[in-house]
Protein chains: 2
Amino acid sequence: MSDCDTCVVRNRAICSALVPDELAALGKLGRKQMVSRGQTLVWEGDESLVVANVIQGVLKLSVSTQDGREQIVGVVFPSDFIGRPFGKESPYGVTALTDAEVCIFTRTAFDGFAKEHPDLQHKLLQRTLDELDRARQWMMLLGRKTASERIATLLIEISDRLGAAGCSPIAPFLEKFELPMDRQQMGDLLGLTIETVSRQLTKLKEAEIIELPDRRSVVIKDRRRLENIATAA
Amino acid sequence: MSDCDTCVVRNRAICSALVPDELAALGKLGRKQMVSRGQTLVWEGDESLVVANVIQGVLKLSVSTQDGREQIVGVVFPSDFIGRPFGKESPYGVTALTDAEVCIFTRTAFDGFAKEHPDLQHKLLQRTLDELDRARQWMMLLGRKTASERIATLLIEISDRLGAAGCSPIAPFLEKFELPMDRQQMGDLLGLTIETVSRQLTKLKEAEIIELPDRRSVVIKDRRRLENIATAA
DNA sequence: CGGCTTGCTTGACCTAGGTCAATGCGGCTT
DNA sequence: AAGCCGCATTGACCTAGGTCAAGCAAGCCG
């Protein structure tokens, strides 16, 4: 049984749609689980057996071709929901980018519970609609943006989402943060190669728009200019 | 008041979640409307004022950059749902690719009705999840596939979706069909230029995988080979 | 301390697909 | 039937980003 009362994401995850009694009932179905960096929770093409809420850490959703090309199709942060409820196999794999903690449910148990709780379903619908909007924005990036626009967009997006994931209500975004992924994964997310990612980052560094204190850290020195590059203004 | 009893998509659109009484109530809120090719139903960035079901025809969802680059982020066929329920502005425009007929609702009226009808919301959630899966598959295409893989994938997809939209239960896909878009729009959907689209189509024609009887028609002569190209096998 | 390992950067070169500029062609209009 | 007009195709050339191949720096371990 999960201890929902002390869960750090209880006010932001879909669980926030529930009243205490309902929350307790859902808590009985779920179980907290640690996932270490690189570990895969769901394999692409497998039957969708589990769904989960992210408590801590960052995970990727990814699709691959037979010949090994990979595209990351989504990145989930704390309080986000993972998985494909209501039947079907999962069309993408789910793998931890950092050590993470999730609150996991068997899909069938979750589906049953959701059917009985329209408020939960409503919340899930809202989230799915938001996720769809984000996916579509990313389609624009992949289809039409240049390499430098892509990198700038990614840095802004990570800064925003890590800011939103933090509990502080006064930090809409972060100016210094740790990348939750390596260069290869940035490439897989942006539809670029590792070399292009690296070159574009050094270009931004040389233009004094960002600093790169170490391989995982980014400091945004001139957010305005970065945003201009990102939106192709 | 719409005449739902005779609606050609009543068994496939989200309305199929409703019992006759409910359907009549929803029908009172909606109104059938013709949209002619090229006409825009919703502008990118505008407040989301309407939602709709597609009865006939094909529409595109698209996003543009300030400097005029366009990416089509979705294509909707008969029985599909259009719009961004539950608040927010629409992050993409909706424009008819062919003459079309839609069953349109004001967003607020629809939202109110949906809140009272969990079955309808459930159907909407399922559709949104499917749409999200499709968007993510397309992200793989835009991020990692070559031009010929993209064109092949598009032809298969259109053939499948036009087949599914037809009422015949024995036609899972079509071997001859009319493209619901011109070359430019194919490019905007695939993240390619018009010239590359044209060159790839003639390449497929010369390989005798397809025929192009006129600018809008396609005949798939060797579906197996086309599928192999599409999946990068 | 030196030698590995792992991930990142940099450089030199190449190519898929973009750009620019004709040319073609079917359908309308007069 | 001649002239447009709006696409689509084709060709010649160019470039952003991919590929291939060294280097390089930080952590780690003996």
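Each chain gets a letter, A, B and so on, in the order its sequence line appears, and its residues count up from 1.
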Participant: May I have the distance from A:E206 (atom CD) to C:dT10 (atom C1'), rounded to whole angstrom?
Facilitator: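 A:E206 atom CD is separated from C:dT10 atom C1' by 11 Å.
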
Participant: Is the backbone N or O of B:L124 less than 3.5 Å from a side-chain atom of B:T128, with the two atoms forming a donor-acceptor pair by type?
Facilitator: yes

Participant: Applying side chain to side chain donor-acceptor pair (under 3.5 Å), can you list everything that pairs with B:D46, at least two apart in sequence or on another chain?
Facilitator: none

Participant: Of all residues at least two apart in sequence or in a different chain, which pass the side chain to side chain donor-acceptor pair (under 3.5 Å) check with A:E47?
Facilitator: none

Participant: Quick one, give me the B/S/- string for nucleotides 17-24 of chain D, reading 5' to 3', where B means a protein heavy atom under 4.0 Å from the base and S means that only happens at the primed atoms, P, OP1 or OP2.
Facilitator: SSBB----

Participant: In whole angstrom, what separates A:L212's CG from D:dA25's P?
Facilitator: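 Rounded to the whole Å, the gap is 16 Å.
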
Participant: List for me each residue that meets side chain to side chain contact (heavy atoms under 4.5 Å, CB included) alongside B:R215, sequence neighbours excluded, and say none if there are none.
Facilitator: none

Participant: In whole angstrom, give the distance that lies between atom NZ of B:K203 and atom C1' of D:dT9.
Facilitator: 16 Å

Participant: B:L201 CG to D:dT9 C1': how many Å, rounded?
Facilitator: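 From B:L201 CG to D:dT9 C1': 11 Å.
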
Participant: How would you list, by chain and number, every residue that makes a salt bridge (charged side-chain N to carboxylate O under 4.0 Å, His left out) with B:R216, sequence neighbours excluded?
Facilitator: none

Participant: Would you mind reading off the distance between B:I151 atom CD1 and D:dA8 atom P, rounded to a whole angstrom?
Facilitator: 12 Å

Participant: Do NZ/NE/NH1/NH2 and the carboxylate oxygens of A:K60 and A:D182 come within less than 4.0 Å?
Facilitator: no

Participant: For B:T153, enumerate each residue passing the side chain to side chain contact (heavy atoms under 4.5 Å, CB included) test, keeping only those at least two apart in sequence or located in another chain.
Facilitator: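 For B:T153 the side chain to side chain contact (heavy atoms under 4.5 Å, CB included) partners, ignoring immediate neighbours, are B:W138, B:L141, B:K145, B:A230.
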
Participant: Give every pair of a protein N or O atom and an N or O atom of nucleotides 6-8 of chain C that lie under 3.5 Å apart, one pair per line with the distance.
Facilitator:
{"unit_1": "C:dG7", "atom_1": "O4'", "unit_2": "A:R215", "atom_2": "NH1", "d": "3.1"}
{"unit_1": "C:dC8", "atom_1": "OP2", "unit_2": "A:R183", "atom_2": "N", "d": "3.4"}

Participant: Which residues pass the salt bridge (charged side-chain N to carboxylate O under 4.0 Å, His left out) test with B:R107, sequence neighbours left out?
Facilitator: B:D111

Participant: Which residues satisfy the side chain to side chain contact (heavy atoms under 4.5 Å, CB included) test with B:D67, sequence neighbours excluded?
Facilitator: B:T65, B:R69

Participant: Can you list everything that forms a side chain to side chain contact (heavy atoms under 4.5 Å, CB included) with B:R199? Sequence neighbours excluded, please.
Facilitator: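 If we apply the side chain to side chain contact (heavy atoms under 4.5 Å, CB included) test to B:R199, skipping adjacent residues, the hits are B:E195.
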
Participant: A:T106: which residues meet the side chain to side chain donor-acceptor pair (under 3.5 Å) condition with it, sequence neighbours left out?
Facilitator: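 Listed in chain order: nothing, the list is empty.
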
Participant: Tell me the bend of the helix from C:dC1-D:dG30 to C:dT30-D:dA1 as the angle between end helix axes, each from five pairs, rounded to the nearest 10 degrees.
Facilitator: 20°

